[in-house]
Amino acid sequence: MHNILVVGAGFTGSVIARELADSGHYNVLVVDERNHIAGNCHTKRDNETNVMEHVYGPHIFNTSNEKVWQYVNKFDEFMPYTNRVKAVTRAGVFSLPINLLTINQLFGKTFNPREAEEFVAQLGDKTIAEPRNFEEQALKMLGKKIYETFFLDYTIKQWGCHPRELSADVLKRLPIRFNYDDNYYHTHYQGIPRNGYTNLISNILDHPAITVELNTRYEREWNGKYHYIFYTGAIDAYFSYAEGRLGYRTIYFERFIYNGSDYQGNPVINYCDKNVPYTRVHEHKHFTPWEDHDKSLFFKEFSKETEGDDIPFYPKSLPADKAILARYKQRAQSEFNTTFVGRLATYRYLDMHHVIDEALTVAESFINYKNPLASFTRFPVNNG
Ligand code: FAD
Ligand code: UDP
């Protein structure tokens, strides 16, 4: 048996640990610097309301990947849940993502799908051939009025920079629909684990060949103590920020208890105007619609630049960050028996289903590799 160290008990680390343990060839120690498993997906019952609290912000599981969906369903029952978001703007309250209702209400029309599609196409800025950034993508695809009503101020609040500085990919995350479907996601499967994500990840880690140590911060000096290491923490922190800090936005919450059964009538409401300092309000009981609670818990979400010990959440990926990342990746090539995987170690904006899929792929190729301990790749999924 070889001894493997996995740094980080989020989805990435936990899935890799489980797959390696299941292979029967490895003992796995999983360490996490926090006092709980599940990373940013951590959920717990709030003492006062008994509502399932998404401690680092709400997580809605959605995927079109059959393998990932089957995998997570082995570890808890997924309850039906469809995310429907509302947006408060200067022009009123609308439904997001942009759909036929949003378009008809914003422009005071009664378009059918074909008419709405033609109308929006004609709003788009035709002088933009290849959008180079978020703003150009929005102006080309949606036109000025939709962009300014829903995206301009919200994006400045969320990212702390102008949408012209951001990649067009950030906007591409959101679908636009010319029907009345207001499902926030366009993926095949969507749901919330009945007992929360921490319970699900605890089930993944529940294996005789896996040991978990919390409140344990991995230091690079430990290198060499294990046959192999999978590191899922931040890559710049791993190298003590020697090449500089990668740009991240962090978020923080103001947390409130509401002494009534329904504070805002919806799980998530976005605030698209710059005069409201927060980006969105989450009311947690609505993420478990199968439960009843007399009281309610809600979070106002704020965004700011990451500094000091703030938790890095959203990679900004500005050109300067890409240059810094390239230098860290160069350094990583000469690390002893260590693979960098997961959203922080590869500095990417990844959903849960992405990291689970990548973790399954990495574990499978490690298990099938001829001599993994000697020559497995540093960045098996993302070599870019
Ligand atoms: P993480 O969950 O960040 O886990 C990394 C772990 O490593 C952490 O527990 C950390 O404590 C630990 N660690 C780091 N460095 C060290 C060290 N040196 N020593 C020991 N431990 C260390 N995805 C969705 O699919 N749907 C959603 O609705 C959704 N909502 C989100 C909302 C927010 C606010 C955020 C920030 C993300 C959201 N995501 C969502 C993305 C989701 O959180 C990630 O895809 C997922 O958590 C990534 O898992 P991971 O294991 O790679 O990273
Ligand atoms: N966005 C916006 N207004 C909204 C919702 C989203 O401008 O009301 C932009 C914003 O830049 C955000 C991006 O679209 O970062 C992607 O939105 P998503 O809801 O996927 O963000 P996440 O849930 O990852 O924070």
Side-chain angles (χ1 to χ4, degrees), residues 8-11 13-14 32-62 72-73 75-88 158 184-185 190-206 212 214-215 249-271 276-304 306 309-314 343 351-353 355:
F11 262 116
S14 303
D32 202 295
E33 62 186 346
R34 301 187 195 181
N35 62 5
H36 58 77
I37 58 167
N40 288 336
C41 306
H42 176 48
T43 45
K44 68 176 177 61
R45 290 268 168 208
D46 168 51
N47 286 341
E48 195 171 341
T49 59
N50 202 35
V51 165
M52 182 67 78
E53 177 175 348
H54 296 228
V55 178
Y56 298 94
H59 279 69
I60 296 122
F61 202 94
N62 69 97
V72 290
N73 274 273
F75 298 102
D76 196 9
E77 178 188 3
F78 271 72
M79 300 299 285
Y81 175 85
T82 303
N83 203 31
R84 301 185 200 283
V85 174
K86 299 288 174 277
V88 175
Q158 166 73 14
Y184 204 66
Y185 301 112
Q190 193 171 160
I192 305 261
R194 182 190 273 282
N195 301 297
Y197 293 97
T198 299
N199 169 77
L200 188 155
I201 290 181
S202 168
N203 291 340
I204 294 177
L205 290 167
D206 182 16
V212 178
L214 298 177
N215 302 305
R249 292 296 277 180
T250 191
I251 54 173
Y252 62 97
F253 302 106
E254 279 180 12
R255 191 178 181 282
F256 302 87
I257 300 290
Y258 178 66
N259 275 320
S261 67
D262 196 356
Y263 168 69
Q264 65 176 12
N266 205 51
V268 186
I269 299 190
N270 289 6
Y271 286 82
V276 179
Y278 40 89
T279 49
R280 11 182 208 195
V281 176
H282 310 281
E283 190 172 6
H284 294 237
K285 67 185 302 179
H286 294 305
F287 295 108
T288 51
W290 61 94
E291 295 183 2
D292 284 322
H293 301 280
D294 297 334
K295 290 205 253 175
S296 199
L297 164 75
F298 68 94
F299 281 8
K300 288 184 178 170
E301 178 178 328
F302 298 81
S303 173
K304 72 176 194 66
T306 307
D309 287 336
D310 288 340
I311 302 176
F313 279 124
Y314 291 98
R343 73 180 191 100
D351 285 333
M352 293 179 279
H353 64 103
V355 300

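Hydrogens, waters and symmetry mates play no part in the numbers below; they use all other heavy atoms, side chains included. What you are looking at is a predicted structure, and each value in this text was computed from that prediction instead of being measured.
- One finds the CD1 atom of Ile60 at 5.5 Å from the CD1 atom of Ile192 (value rounded to the nearest 0.5 Å).
- A donor-acceptor pair is defined here as one N or O able to donate and one able to accept, closer than 3.5 Å; no such pair exists between the side chain of Tyr263 and the backbone of Ser296.
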task: Please test Met52 against Phe287 for side-chain contact (heavy atoms from CB on, under 4.5 Å), starting from the C-alpha separation and ending with a verdict.
output: CA-CA 8 Å; Met52 182 67 78; Phe287 295 108; over 6 Å; no

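- Expressed to the nearest 0.5 Å, how far CD1 of Ile269 lies from CZ of Arg84 amounts to 14.5 Å.
- A 6.0 Å sphere centred on CG of Asp294 holds no more than 12 heavy atoms belonging to other residues, nucleotides or ligands.
- Here Asp32 contributes atom CG and Ile37 contributes atom CD1; the two are 9.0 Å apart, rounded to the nearest 0.5 Å.
- Residues Glu48 and Lys295 are in side-chain contact: their nearest non-hydrogen atoms beyond the backbone lie under 4.5 Å apart.
- The residue from Val268, Asn266, Asp262 that alone fulfils the side chain to side chain contact (heavy atoms under 4.5 Å, CB included) condition with His286 is Asp262.
- Residues Phe299 and His54 approach most closely at CE2-O, 3.6 Å, considering heavy atoms.
- Atom CE in Met352 sits 11.5 Å away from atom CZ in Arg343 (nearest 0.5 Å).
- Aromatic ring centroids of Tyr185 and His353 lie 6.0 Å or more apart.
- Ile251 places a side-chain heavy atom less than 4.5 Å from the side chain of Tyr314.
- For the ring pair (Phe, Tyr, Trp, His ring centres under 6.0 Å) test, no residue two or more places apart in sequence or in another chain qualifies with His293.
- For Arg280, the salt bridge (Lys or Arg N to Asp or Glu O under 4.0 Å) test picks out Glu301, with sequence neighbours left out.
- Judged purely by atom type and a 3.5 angstrom limit, Arg249 uses its side chain to pair as donor or acceptor with the backbone of Gln158.
- Note on residues 250-259: pairs passing side chain to side chain donor-acceptor pair (under 3.5 Å), not counting sequence neighbours, are Asp46-Arg255, Glu53-Arg255.
- In this structure, NE2 in His284 is found 9.5 Å from OG1 in Thr49, a value given to the nearest 0.5 Å.
- Using modelled atom types, one side-chain atom of Thr288 and one backbone atom of Lys285 make a donor-acceptor pair closer than 3.5 Å.
- Taking all atoms of both residues into account, the shortest heavy-atom contact from Pro193 to Phe78 is CD-CE2, 3.7 Å.
- Tyr81 is listed as a side-chain neighbour of Pro267, based on a closest heavy-atom distance under 4.5 Å.
- When all heavy atoms of Phe298 and Glu283 are compared, the pair lying nearest together is CB-CA, 4.0 Å.
- Atom CG in Asn83 sits 8.5 Å away from atom CG in Asn62 (nearest 0.5 Å).
- Counting only heavy atoms from C-beta outward, the side chains of Ile311 and Asn40 approach each other to under 4.5 Å.
- At distances below 3.5 Å, at least one donor-acceptor pair connects side-chain atoms of Tyr197 with backbone N or O atoms of Phe61.
- Without hydrogens or angle criteria, His42 side chain to Val55 main chain gives no donor-acceptor distance under 3.5 Å.
- Looking at Ser14, its side chain does come within 3.5 Å of a backbone N or O of Ala9 through a donor-acceptor pair.
- Every residue meeting the salt bridge (Lys or Arg N to Asp or Glu O under 4.0 Å) condition with Lys304, not counting sequence neighbours, appears here in chain and number order: Glu307, Asp310.
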message: If you apply the rule side-chain contact (heavy atoms from CB on, under 4.5 Å), what do you find for Phe11 with Ile204, and how did you get there?
response: CA-CA 9 Å; Phe11 262 116; Ile204 294 177; 4.1 Å; yes

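- Remark: Asp76 engages no residue in a salt bridge (Lys or Arg N to Asp or Glu O under 4.0 Å) (not counting sequence neighbours).
- Listed for the Thr43 side chain is a donor-acceptor partner under 3.5 Å among the backbone atoms of Thr198.
- Arg34 pairs by the salt bridge (Lys or Arg N to Asp or Glu O under 4.0 Å) definition with nothing, not counting sequence neighbours.
- Two residues are said to be in side-chain contact when any heavy atoms from C-beta on lie closer than 4.5 Å; Arg194 and Trp290 meet this criterion.
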